[in-house]
There are 2 protein chains.
Amino acid sequence: MAIENPYYTHEFHGDYDLVGLGEFALEEGGVIPDLQLAVATFGTLNAAKDNAILVTTWYSGTHQIFRDVYIGPGHALDPERYFVVVVNQIGNGLSTSPHNASGANSAIAMSRFPRVRIGDDVRAQEQLLREHYGIESLALVVGGSMGAQQTYEWMVRFPGRVRRAAPIAGTAQNTPHDFLHTKALVEAITSDPGFAGGEYTSNADVVDGLRRHAGIWAVTGFSTEFWKQELWRGLGFESRDGFLEGFLEPYFTVMDPNDLLCMAWKWQRGDVARHTGGDLAAALGRNEAVARILPISEDMFFPVRDHESELELTPHATIRVIDDLCGHLGLFGLVPTYLPQIDRHLQELLDTEA
Amino acid sequence: MAIENPYYTHEFHGDYDLVGLGEFALEEGGVIPDLQLAVATFGTLNAAKDNAILVTTWYSGTHQIFRDVYIGPGHALDPERYFVVVVNQIGNGLSTSPHNASGANSAIAMSRFPRVRIGDDVRAQEQLLREHYGIESLALVVGGSMGAQQTYEWMVRFPGRVRRAAPIAGTAQNTPHDFLHTKALVEAITSDPGFAGGEYTSNADVVDGLRRHAGIWAVTGFSTEFWKQELWRGLGFESRDGFLEGFLEPYFTVMDPNDLLCMAWKWQRGDVARHTGGDLAAALGRNEAVARILPISEDMFFPVRDHESELELTPHATIRVIDDLCGHLGLFGLVPTYLPQIDRHLQELLDTEA
């Protein structure tokens with residue numbers, strides 16, 4: 001049985017479409033009987049169908065942050081020039097996910113949801129773009145964190161289809177440290193007695209675990225300087241605890257535990273080298289897109305050097321470090337200096353012949 | 001009622017003495033009726049009583065790691081030249097601690113143990129050295145992490161008594177980020193239903209929480225490169241999980257939860273500026289010791305820059321960064337390149353007139 005969660009509704013997420021792909025076989029062997037992708041689009045697809053930009057979502061994220069922060073006139077992701085398609089990842093609570101699996105998907109609700117991989121998302125996105133919009137070539141694929149994992153997966157899996165790519169704050173092959181980081185996040189949730197093996201009746205049953213999960217994000221998601229310089233003041237908070245209780249904790253406690261766990265499992269195992277028997281150089285060597293790799297300077301778990309080591313293996317790629325004391329969660333556009341950097345690099349990339 | 005825990009015994013910790021200081025009033029208002037400090041000494045106090053080195057202990061640590069790794073002929077902490085006194089911090093399981101509070105201390109056992117501050121440890125150490133050994137001046141105070149907090153406390157509280165000081169991988173004023181880091185560690189333990197508000201009957205009741213606590217240390221205690229380069233192989237392990245299950249988890253699961261929480265509370269609130277109404281510059285300005293500040297290059301929660309900002313406020317201080325991919329837990333001396341750096345800097349410091 002699926003459960004109700006008001007966070008994952010149009011009321012909180014505005015306009016988006018549910019596009020059905022029908023039965024969808026997953027790489028790990030499971031099946032989603034009726035995969036629904038939640039898709040938000042901005043702008044108009046041109047007649048040549050060559051002005052499409054795919055935006056992929058991160059752990060806990062939806063199209064909302066892109067709509068509110070990244071996309072709009074004056075930004076690189078400009079709906080007046082491009083047809084911007086944000087596809088919510090499987091399991092994020094808007095697309096088919098453990099908590100909302102009902103009707104044809106009832107059999108995979110909650111703890112019975114099958115394992116999903118980054119490759120499943122990318123295959124589903126490719127099918128969606130081709131079948132639903134007739135898009136065969138993307139002007140740009142861009143995403144942060146798990147969205148960067150999906151971006152790399154596109155570069156390696158569909159090299160002829162991606163003209164430009166911009167992975168932000170995320171790597172092609174997840175690192176052992178990041179696996180352990182995500183493991184700690186997972187355990188914060190699953191250790192809550194209210195989690196009940198994934199068969200809770202409301203996300204509120206797991207609020208303690210979700211709050212501890214937020215507490216780990218507080219440590220790893222920001223930088224030491226974010227806290228020392230009290231950058232949360234710029235977000236309108238007057239105390240550290242006020243920021244935690246008024247921003248970071250409620251951000252996560254409204255979410256569905258099984259949905260987060262579905263994404264976490266995927267995140268931990270993101271690895272384009274699965275296509276090449278573990279050979280990361282061979283996998284990244286397949287890339288044909290003009291790529292700009294965009295690490296965030298203070299990122300604690302997707303550190304700059306991990307991006308640099310993949311840069312060396314990726315043809316047609318350059319790297320630009322985004323200066324941001326916020327660390328990984330700078331992705332939210334928390335300080336006014338963040339997005340202008342992203343826009344400049346994406347604009348340069350879009351202005352590059354490809 | 002105190003509880004039995006075989007880890008905190010001579011069988012596991014070798015020789016140490018329990019020295020009673022009698023009733024000890026704490027800064028937070030509590031009282032330890034009969035404070036016992038567990039003390040391990042190496043070498044001989046000279047007639048002038050001016051060759052004493054005080055070594056302070058870190059979170060979860062005891063004198064054992066110093067005896068086994070840092071102290072000995074050929075090391076800077078050479079018992080043939082110095083009288084090295086390692087004082088186990090209050091709450092570490094060997095000195096008076098929640099789990100071992102019995103006899104005169106029965107009333108403060110387990111969850112009833114009073115709050116202890118870094119300043120309490122340092123006052124107790126000063127009393128111990130003066131009353132028990134007649135030591136009024138220390139050739140060196142050295143410690144890592146919480147031991148660095150105690151070292152700074154000595155520099156600020158007893159400036160005339162410390163000739164040299166070497167805080168390793170720890171700061172004089174704990175940072176907001178590190179407060180949150182320790183909060184996550186605490187919550188991993190207290191969220192275990194077996195913790196029972198601190199009134200468990202065995203640390204084994206809290207093994208899940210202690211294991212999750214170890215899991216957070218895996219993320220923050222080492223560096224991203226430690227995991228990527230699989231430096232655990234150098235410690236004799238053949239897999240990442242083998243290292244976690246054979247080293248990091250058992251390291252913590254034998255320990256007492258309340259003891260760890262007593263230390264964690266102290267760690268979170270380490271701050272020499274308590275002596276000067278919050279003015280860190282004024283506090284550190286009191287230092288008279290020749291000081292060498294020793295951050296570890298890859299430390300994720302006591303990062304180098306936090307040491308540098310305190311260096312600027314500390315007279316008579318220099319800084320040398322210890323190169324170690326292990327990160328904070330490099331303190332354990334996990335790679336053969338660590339201790340030679342420590343020895344060289346401590347030796348230079350000891351060779352400096354002071």
Side-chain angles (χ1 to χ4, degrees), chain A residues 171 173-195 206 208-232 239-241 243-244 248 298-307 309-310 325 327, chain B residues 171 173-195 206 208-232 239-241 243-244 248 298-307 309-310 325 327:
Chain A
T171 57
Q173 184 174 63
N174 205 36
T175 63
H177 175 264
D178 205 14
F179 186 96
L180 294 170
H181 171 232
T182 312
K183 180 166 177 274
L185 293 171
V186 165
E187 291 176 350
I189 294 173
T190 57
S191 63
D192 188 330
F195 178 67
V206 197
D208 291 342
L210 291 168
R211 197 176 285 130
R212 288 197 298 276
H213 166 274
I216 295 174
W217 275 104
V219 179
T220 56
F222 299 103
S223 75
T224 59
E225 283 297 301
F226 173 86
W227 294 109
K228 195 168 193 180
Q229 298 185 22
E230 303 188 344
L231 296 182
W232 38 262
S239 72
R240 183 178 68 208
D241 286 350
F243 173 70
L244 290 171
L248 198 62
E298 292 277 345
D299 200 318
M300 293 185 85
F301 54 90
F302 283 119
V304 174
R305 61 184 165 202
D306 285 344
H307 296 77
S309 63
E310 293 185 346
L325 287 177
Chain B
T171 57
Q173 183 174 65
N174 205 37
T175 64
H177 175 266
D178 205 13
F179 186 96
L180 294 169
H181 170 233
T182 312
K183 180 166 175 275
L185 293 171
V186 164
E187 289 176 352
I189 293 173
T190 57
S191 63
D192 188 330
F195 178 67
V206 197
D208 291 342
L210 290 167
R211 198 176 286 128
R212 288 197 298 277
H213 166 273
I216 296 174
W217 275 104
V219 179
T220 56
F222 299 103
S223 76
T224 60
E225 284 298 300
F226 172 86
W227 295 109
K228 195 168 194 178
Q229 298 186 21
E230 303 187 343
L231 297 183
W232 39 261
S239 73
R240 183 179 67 208
D241 286 349
F243 173 71
L244 290 171
L248 198 61
E298 293 277 345
D299 199 318
M300 293 186 84
F301 53 90
F302 283 119
V304 174
R305 61 184 165 200
D306 285 345
H307 296 78
S309 62
E310 293 187 343
L325 287 176

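A, B, ... follow the sequence lines: proteins, then strands. Residue 1 opens every chain. This one's a predicted model, so the numbers in the text were calculated from it and none came from an experiment.
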Practice problem: Heavy-atom distances under 4.5 Å only: say whether A/Arg240 touches chain B with side chain, backbone, both or neither. | Solution: side chain
Self-check item: Proximity breakdown for A/Asp306 and chain B, heavy-atom pairs closer than 4.5 Å
Solution: both
Exercise. Determine the option with the most heavy-atom pairs under 4.5 angstrom with chain B, choosing from A/Glu187, A/Lys183, A/His181, A/Arg305.
Key: A/Arg305
Quiz item: Can B/Met300 and A/His177 be said to form a side chain to side chain contact (heavy atoms under 4.5 Å, CB included), step by step?
Solution: CA-CA 12 Å; B/Met300 293 186 84; A/His177 175 264; 4.0 Å; yes
Exercise. Can you check whether anything in residues 222-232 of chain A gets within less than 4.5 Å of chain B, heavy-atom wise, and list it by number?
Key: A/Ser223, A/Thr224, A/Glu225, A/Trp227, A/Lys228
Self-check item: Verdict with reasoning, A/Leu180 to B/Leu244, per side chain to side chain contact (heavy atoms under 4.5 Å, CB included)
Solution: CA-CA 10 Å; A/Leu180 294 170; B/Leu244 290 171; 3.6 Å; yes
Quiz item: Can you name the nearest heavy-atom pair linking B/Ala184 to A/Gly215, along with the distance?
Solution: CB-O, 4.5 Å
